[in-house]
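This report concerns only the one structure given below.
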Amino acid sequence: MSNQEVARIIAEIGEYLDMEGVPFKPRAYEKAAKAVGDLDKSVSEIYASGGLKALEQIPGIGASIAKKIEELIKTGHLKYHDELKKKVPVDLSGLRKIEGLGPKSIKKLYEELGVKTVADLERAAKAGRVAKLEHFGAKSEENIKKGLEFLKKATGRPLLGAVLPLARRIEERLRGQKEVEKVIIAGSLRRWKETIGDLDVLVVSKKPGPVMDFFVSMPEVVRVVAHGETKSAVKLESGLNVDLRVVPAESYGAALNYLTGSKDHNVALREMALAKGWKLNEYGLFKGKKQLAGRTEEELYAVLGMDYVEPEMRENTGEIELAKKHKLPKLIGYDDLQGDLQIQTDWTDGADTIESYAKAAIERGHKYIAITDHTKRLAMTGGLDEKKIRKQWVEIDRVQKKIGAKLKILKGTECDILKDGSLDLDDETLARLDVCGVAVHSHFDLPREEQTKRIIRAIKNPNVDILFHPTGRLIGKREPYDVDMDAIIKTAKETGTILEIDAFPDRLDLKDEHVKKCVVAGVKLSIDTDAHSIAHLDFLEYGIAQARRGWAEKSDIINTRLLEAFLKLLKK
DNA sequence: GCCGTTTTCGGCCCGACTGTTTTCAGTCG
Ligand SMILES: Nc1nc2c(ncn2[C@H]2C[C@H](O)[C@@H](COP(=O)(O)OP(=O)(O)OP(=O)(O)O)O2)c(=O)[nH]1
Ligand SMILES: [Mg+2]
Ligand SMILES: [Mg+2]
Ligand SMILES: [Zn+2]
């Protein structure tokens, strides 16, 4: 039984208890479910090796839930869950996808109308039966209908890269309003999560009314979900929700901290405040009626006795303890990169010429770039063979001469790792390159052991400098191939191979959790755009963000160095 | 149900908006 399956059952128990109005337990189950879902080892294995005791070691899991997990692992079933489900036998996860519909409403709809599924609910709403229920009415029925309509079109969480440009436009638009003193996008976007559930916008203003009116009447708005004095929410035609919070200047820091989250980070801070006899909310940190902090986030963390925590770290995964001990890492900054080490040109499947990339890189302040076209096995891209890549070197030399010393153009490759772990170009050719990147582009479905052996063999090659997009995932489209990342990281450490953080918004590969492991292991990383056109050169920030989410410092990333120092970090 | 240099018992983050309601529950952030 997978972690996700266990987590789902535990979470459902929480929802059923919530339905019955049981206090506190729902949160306990919710927390436990999240703990299981976030585990990076398998619960079954944890139980197999350490038994109940090991399960109870997981924060949020105590004796009672540990026993339930044991039953799930042993029998594939949980009597307690089955019993709760028998009382209200509905498609809970399906119905919960309807915005605004919570456990209490679902229970009522089942008991009064026999609604078990989304389809049942649709029939009941269309027949006007929902509006007749006590505590429901015409508007609740209408909202359910709208929710059902939206659910049919819903397409899941969009990529950060797909919403960031829109978010920045909305930010600018609000900034143009005269009542607006400050605007900032908070929420998961400020934490640079790889996918985004909604936009959370914070505005400072003395006059919220006009700001709210402007916000809910933006042209893209198709539905006003809420329209209040301090908070509004809308749905855009793209399906994206946008929340707006407006506060006075003296609450800016506290409100930004609240709206940035994560929820778990917020709750942990609020518990800290509570333990000191204080109260933390979005208006400030208070001792009785007196505001101790709230105008800035820096002040808020300081008064709580912590160092400032960067938004990318606010996931309640240990950052709070480090901040209290003043031991937070100093994260790599958004201006710290000197160059880009993965670029595909029109020699293969890229859209632009070496020369135009060089000019664009100079405009962006890069000191070096690596030209890393595909190799011959990727025939559909016109991948380079040993002969053709030598021709490319001549062109690189020509462009280098033309542009002079402003930018170093490195001769590189994104050489295919073949099925057996050998490489698509011969060693003599690889040895003559400035930067040799290798990557898996085929046989994604090899068994874990074989895939791991294949990649290890490739990076053990003394000519190989960097492993590009190490897990091969495409967010929302393709799962990472099955590979033992711990073994790859270990080998990278032993061989001095660099692992890449591919910044392309649908890759972000390595992702934050793997970056964290590399940092701990002392494996060096590179941040590259994987550009296939000049516009893609701007993706570096997504890679930097992922590095920051993995707690990487400047020194962990090789292309923060100037050329000479950077080249020294590659294999001899 | 979980958890602990304020507690092994008694707390549990805190607030906004809506809709249906004569005073607040439900849902969400
Ligand atoms: N204190 C507190 N803050 C919360 C709670 N729920 C949400 N928040 C805060 C933290 C969140 O980051 C912020 C925005 O809420 P969202 O639901 O939009 O979450 P977030 O943006 O983190 O993720 P998302 O990508 O939108 O799913 O509001 C809560 O229950 N308590
Ligand atoms: Mg959000
Ligand atoms: Mg939100
Ligand atoms: Zn390519």
Side-chain angles (χ1 to χ4, degrees), chain A residues 10-11 13-19 21-35 55-69 80 95-109 130-144 146-147 186-188 197-202 208 212 216 223-234 241-247 251 254-286 304 316 324:
Chain A
I10 305 286
I13 293 176
E15 303 237 289
Y16 279 118
L17 293 172
D18 205 6
M19 243 175 219
V22 177
F24 303 111
K25 290 193 191 186
R27 255 198 69 205
Y29 278 96
E30 190 195 347
K31 265 184 110 166
K34 184 160 191 298
L55 292 177
E56 286 176 44
Q57 291 305 303
I58 302 166
I61 296 176
S64 166
I65 294 183
K67 277 225 182 72
K68 293 186 172 71
I69 294 176
Y80 184 54
L95 289 164
R96 281 309 310 270
K97 291 204 177 78
I98 298 161
E99 286 171 304
L101 208 62
K104 300 268 168 53
S105 308
I106 290 172
K107 180 170 196 265
K108 190 154 176 99
L109 288 164
V130 174
K132 295 201 180 77
L133 291 180
E134 200 188 6
H135 297 291
F136 283 71
K139 283 188 180 166
S140 349
E141 184 171 274
E142 192 52 36
N143 283 338
I144 285 174
K146 284 179 181 157
S188 50
D198 69 352
L199 292 182
D200 302 283
V201 188
L202 178 65
M212 293 299 183
V216 299
R223 187 177 165 206
V224 179
V225 181
H227 185 177
E229 264 297 292
T230 74
K231 179 179 160 175
S232 293
V234 298
N241 286 338
V242 188
D243 294 341
L244 174 66
R245 203 64 207 260
V246 183
V247 296
S251 293
L256 180 57
N257 183 252
Y258 153 70
L259 203 61
T260 298
S262 65
K263 177 185 167 181
D264 289 351
H265 181 87
N266 289 358
V267 171
L269 290 188
R270 286 170 183 213
E271 282 168 351
M272 267 184 71
L274 202 61
K276 293 176 191 278
W278 303 338
K279 181 177 72 170
L280 176 60
N281 59 28
E282 62 265 51
Y283 300 104
L285 179 63
F286 297 91
L304 282 171
N316 195 29
K324 280 197 254 186

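Residue numbers start from 1 in every chain, and the chains themselves are labelled A, B, ... in the order their sequence lines are given, proteins ahead of strands.
Among the atoms of the strands shown, only primed sugar atoms or phosphate atoms (P, OP1, OP2) are found under 4.0 Å from some heavy atom of A:Ala63. Contacts of A:Leu269 with the nucleic acid, taken as non-hydrogen atoms under 4.0 Å apart, are absent. Heavy atoms of A:Lys68 sit under 4.0 angstrom from primed sugar atoms or phosphate atoms, though from no base atom.
In this structure, A:Ile65 atom CD1 and B:dG1 atom P are separated by 8 Å, rounded to whole Å. In this structure, A:Leu55 atom CG and B:dG1 atom P are separated by 16 Å, rounded to whole Å. Distance CG (A:Leu280) to C1' (B:dC13): 9 Å, rounded to an integer number of Å. As rounded to whole Å, 18 Å separates atom P of B:dG1 from atom OH of A:Tyr16. Taking atom CG of A:Asn257 as the reference point, atom P of B:dC14 lies 14 Å away to the nearest angstrom. Rounded to whole angstrom, the span from the CE atom of A:Met272 across to the C1' atom of B:dC13 amounts to 14 Å.
Listed by chain and number, the residues in a side chain to side chain contact (heavy atoms under 4.5 Å, CB included) with A:Gln57 amount to none (sequence neighbours excluded). Take A:Thr260 and apply the side chain to side chain donor-acceptor pair (under 3.5 Å) test, not counting sequence neighbours, and it matches A:Arg190. Residues satisfying the side chain to side chain donor-acceptor pair (under 3.5 Å) test with A:Glu56, not counting sequence neighbours, are none. Listed by chain and number, the residues in a salt bridge (Lys or Arg N to Asp or Glu O under 4.0 Å) with A:Glu141 amount to none (sequence neighbours excluded). For the side chain to side chain contact (heavy atoms under 4.5 Å, CB included) test, residues two or more places apart in sequence or in another chain that qualify with A:Ser232 are A:Met212, A:Phe215, A:Val216, A:His227. Considering only residues two or more places apart in sequence or on other chains, A:Asn257 meets the side chain to side chain donor-acceptor pair (under 3.5 Å) condition with A:Tyr301. Here A:Lys34 pairs with A:Asp38, A:Asp264 under the salt bridge (Lys or Arg N to Asp or Glu O under 4.0 Å) rule; sequence neighbours left out.
Side-chain contact between A:Thr230 and A:Arg245 is present, with at least one heavy-atom pair separated by less than 4.5 Å.
Distances shorter than 4.0 Å separate some side-chain N or O of A:Lys279 from OP1 or OP2 on B:dG15. OP1 and OP2 of B:dC12 both lie 4.0 Å or more from every side-chain N or O belonging to A:Tyr29. For the pair A:Ser64 and B:dG1, the criterion of a side-chain N or O lying under 4.0 Å from OP1 or OP2 is met. The side chain of A:Asn281 places an N or O atom within less than 4.0 Å of a non-bridging phosphate oxygen (OP1 or OP2) of B:dG15. Between B:dC17 and A:Thr230, a contact under 4.0 Å exists linking OP1 or OP2 to a side-chain N or O.
Base pairing analysis places B:dC28 opposite B:dG15; the two distances defining the Watson-Crick or G-U wobble pair are each below 3.5 Å.
Distance from the side chain of A:Ala28 is smallest for B:dG1 among the nucleotides B:dC17, B:dC13, B:dG1.
A distance of about 32 Å separates the P atoms of B:dT7 and B:dA16, rounded to the whole Å. Here the separation of B:dC13 from B:dT5, taken at their P atoms, is 16 Å to the nearest Å. To the nearest whole angstrom, the two C1' atoms, one in B:dG29 and one in B:dT21, are 24 Å apart. Rounded to the nearest Å, the gap between the P atom of B:dT27 and that of B:dT20 is 13 Å. When the C1' atom is compared between B:dG11 and B:dT6, the two are found 12 Å apart, to the nearest whole Å. One C1' atom belongs to B:dT8, the other to B:dG1, and the distance between them is 15 Å to the nearest Å. Distance check on atom P: B:dG10 versus B:dG15 gives 25 Å, rounded to whole Å.
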Side-chain donor-acceptor distances from residues 58-69 of chain A under 3.5 Å, at least two apart:
unit_1  : atom_1 : unit_2  : atom_2 : d
A:Ser64 : OG     : A:Lys68 : NZ     : 3.0
A:Lys68 : NZ     : A:Tyr29 : OH     : 3.4

Could you give the side-chain donor-acceptor pairs of residues 266-276 of chain A under 3.5 Å, partners two or more places apart or in another chain?
unit_1   : atom_1 : unit_2   : atom_2 : d
A:Asn266 : ND2    : A:Tyr258 : O      : 2.8

Quick one, give me the B/S/- string for nucleotides 19-29 of chain B, reading 5' to 3', where B means a protein heavy atom under 4.0 Å from the base and S means that only happens at the primed atoms, P, OP1 or OP2.
-> SSS----SSSB
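Under a 4.0 Å N-O distance rule, the pair A:Lys263/A:Glu30 qualifies as a salt bridge.
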A:Arg223 and A:Asn241: CA distance, side-chain angles, deciding distance, side chain to side chain donor-acceptor pair (under 3.5 Å) verdict | CA-CA 9 Å; A:Arg223 187 177 165 206; A:Asn241 286 338; over 6 Å; no
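In this structure, A:Ser262 contributes its side chain and A:His265 its backbone to a donor-acceptor pair below 3.5 Å.
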For nucleotides 7-11 of chain B, tabulate all protein N/O to nucleotide N/O atom pairs closer than 3.5 Å, reporting atom names and distance.
none

Distances under 3.5 Å only, N/O to N/O: pair up the protein atoms with those of nucleotides 3-5 of chain B.
unit_1 : atom_1 : unit_2  : atom_2 : d
B:dC3  : OP1    : A:Gly60 : N      : 2.6

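Nearest-nucleotide assignment on DNA chain B puts the 5′-proximal partner with A:Asn266, out of A:Val225 and A:Asn266.
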